[in-house]
Amino acid sequence: MGTAGHRYRPRRGRRRPISSVTSSPRAVRRACPTRSSRMSRRSWWGCRHTVQTSCGLNAARGRTTRTPTRSGYRGLSSRRTGTSTSSERASPRRDCSSCSARRTGNIFDRKTSTPLSTEHNCRVVRRHPGLSFLTNSPNFHGKYVETVVCRIFYSAATADNRRITKKQLIQSDLIEVLRQLDEEEDINDIWRYFSYEHFYVIYCKFWELDSNHDFLINLADLESYAEYALTKVVLRRVAEGAPLNYRKRDPAKMDYWEFICFMLSEEDKTTEAAVRYWFRLLDMDGDGVLSAYELQHFFREQSGRISEISEDPIKFYDVLVQLNDMVGPTKKGQFRSAELMRCKNAPLFFNMLFNLTKFAMHEQRDPGLIDARRSTPHMTDWDYYAANEYARYAEEEG
């Protein structure tokens, strides 16, 4: 009880911050906004309108707000509220039509961190004007959503376990891309994650390799990728799921999600995600260091392929000396992922070991290709590859 002249005020309970967006099922239920819960004040990408998303959970699980502090918004906090009112249940989509959250919606299952292919979750497909041509093609909705979600997790989830923490989300460019999604009418102008042309290239490549069209690729199908440019020993590790940080359902086959990660890593080895992907594949003992014996194991097949097209065979000792000069490791003959990310020669490092076609292209160094790359510095290796492949597909279809 309060004293005379003092008004008693009950002490508020301490709000528990959520450390991860998908840390546990209970945290998901507290953090995930439902039909009756809203994120007030500002959303993650600066929209002042209320944000409402339907996540498939029970209504009135809790309210998720952003807590203001002196330095800005402290982060996500969760507090339980009562049952939602009838007006809230009657109008679950009263948010702003231009809000990024409504367009993206719930494009993946927050409890399993895996994409949903049901039609009611394809909100970007239904609402973005650049994807209006897909209205009469519902069969492609699920694959497009899965491609977008996989690309987001591939770039943002540094642990590669299909989970994105709040810290990783803030450090990624996803919020900026969502803002760009509201501003751009042409979906193909958004090269990060949402480009339909990029999805078309990935899906067509997967469909070409999938001989029986069961949406699973085995090792025999994967060997023909890029006209047999990669060595079999590397492709065997890819099919087994060595670069992945989670257990596969079938270790002998590759599904569509795994193929997207493989294709993005193969066609653009300049990104940190690609370096992590290939580093885990080459690190056979899992000690975080690429030793000389591991590199020699993967280069043995590459050396035989080089001997078939060249009169002068390449010895592994000479290759190891060149790799040390390119990367500059702290201890020669032992390479770490941070050292490969820091140097600018990670693509050549990997291509020398298992991709003969790209290694030969680097040795030839076409002047026209170099000038074209310098004229468009804003385009990544993946952007160039996707643009060329899409133009080739469009020309073939005529």
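- Of all non-hydrogen atoms in Ser132 and Pro129, the two that sit nearest each other are OG-O, 3.2 Å.
- Put simply, the side chain of Gln302 reaches to within 4.5 Å of the side chain of Leu356, judged on heavy atoms.
- Heavy atoms from other residues, nucleotides or ligands lying under 6.0 Å from CD of Glu208 number more than 12.
- Taking the ring centroids of Tyr203 and Phe206, they lie at or beyond the 6.0 Å cut-off.
- The hydrophobic cluster containing Val149 also contains Phe215, counting ILVMFWY residues as joined when their side-chain heavy atoms lie under 4.5 angstrom apart, directly or transitively.
- Phe316 is connected to Ile309 through a chain of hydrophobic side-chain contacts under 4.5 Å among Ile, Leu, Val, Met, Phe, Trp and Tyr, so both are in one cluster.
- Note that the CD1 atom of Ile175 and the CG atom of Leu178 stand 5.5 Å from one another [nearest 0.5 Å].
- Closest approach of Ile164 and Ala157 over heavy atoms only: CG1-CB, 4.0 Å.
- Val289 and Val319 are members of different hydrophobic clusters when ILVMFWY side chains are connected at heavy-atom separations under 4.5 Å.
- Between the side chain of Ser303 and the backbone N or O of Arg300, no donor-acceptor pair lies under 3.5 Å.
- Between Leu230 and Glu266, the shortest heavy-atom contact is CD2-OE1, 3.7 Å.
- Under the 4.5 Å side-chain criterion, counting only non-hydrogen atoms from C-beta, Tyr256 is in contact with Ile202.
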Assess whether side chain to side chain donor-acceptor pair (under 3.5 Å) is satisfied between Tyr228 and Thr357, documenting all intermediate values.
-> CA-CA 9 Å; Tyr228 301 89; Thr357 303; over 6 Å; no
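- Side chain of Asn188 to main chain of Tyr196: a donor-acceptor pair is present (N/O by atom type, distance under 3.5 Å, no hydrogens or angles).
- By the 6.0 Å contact criterion, CD on Glu363 is enclosed, its count of non-hydrogen atoms from other residues, nucleotides or ligands being greater than 12.
- Remark: Glu339 does not engage Lys331 in a salt bridge, criterion side-chain N to carboxylate O under 4.0 Å.
- A distance-only check finds a donor-acceptor pair linking the side chain of Asn324 to the backbone of Leu320 [under 3.5 Å].
- Residue Val201 is grouped with residue Leu209 when hydrophobic side chains (ILVMFWY) are merged at heavy-atom distances under 4.5 angstrom, including chains of intermediate members.
- Between the CG atom in Asp255 and the CG atom in Asp210 there is a gap of 11.0 Å [rounded to 0.5 Å].
- No option in Arg151, Arg179, Arg192 other than Arg192 meets the salt bridge (Lys or Arg N to Asp or Glu O under 4.0 Å) test with Asp173.
- In Arg336, the CZ atom is not crowded: 12 or fewer heavy atoms of neighbouring residues, nucleotides or ligands sit closer than 6.0 Å.
- A distance of 11.0 Å separates CG of Asn345 from CG of Asn351, quoted to the nearest 0.5 Å.
- Across Ile260 and Glu146, no two heavy atoms sit closer than the pair CD1-O, 4.4 Å.
- No donor-acceptor distance shorter than 3.5 angstrom exists from the side chain of His198 to the backbone of Val148, with no hydrogens or angles considered.
- In this structure, the side chain of Glu301 engages the main chain of Val233 through a donor-acceptor pair within 3.5 Å.
- Side-chain atoms of Glu184 do not come within 3.5 Å of backbone N or O of Gly130 as any donor-acceptor pair.
- Hydrophobic clustering of Ile, Leu, Val, Met, Phe, Trp and Tyr side chains at less than 4.5 Å, counting indirect connections, unites Trp257 with Phe140.
- To the nearest 0.5 Å, atoms NZ (Lys358) and CZ (Phe350) are separated by 12.5 Å.
- One N or O on the side chain of His141 and one on the backbone of Leu134 form a donor-acceptor pair closer than 3.5 Å.
- Using a 4.5 Å heavy-atom cutoff, the side chains of Leu281 and Phe262 are not in contact.
- Nearest heavy-atom pair, Gln334 versus Pro329, reported as atom, atom and distance to 0.1 Å: O-CB, 3.3 Å.
- Here the OG atom belonging to Ser211 is positioned 6.0 Å from the CG atom belonging to Asn218, to the nearest 0.5 angstrom.
- Put simply, the side chain of Asp325 never gets that close to the backbone of Gln322: no donor and acceptor are under 3.5 Å apart.
- In this structure, CE on Met254 lies 8.0 Å from CG on Leu235, to the nearest 0.5 angstrom.
- Of the possible polar contacts, none joining the Ser291 side chain to the Glu294 backbone as a donor-acceptor pair under 3.5 Å is found.
- Salt-bridge annotation for Glu389 and Arg392: present, with a side-chain N of the basic residue lying under 4.0 Å from a carboxylate O of the acidic one.
- For the ring-ring contact (aromatic ring centres under 6.0 Å, His included) criterion with Tyr144, the lone passing option out of Phe194, Phe199, Tyr193, Phe133 is Phe199.
- At most 12 heavy atoms of other shown residues, nucleotides or ligands fall within 6.0 angstrom of atom OH in Tyr317.
- You'll find the ring centres of Trp278 and Phe354 inside the 6.0 Å limit.
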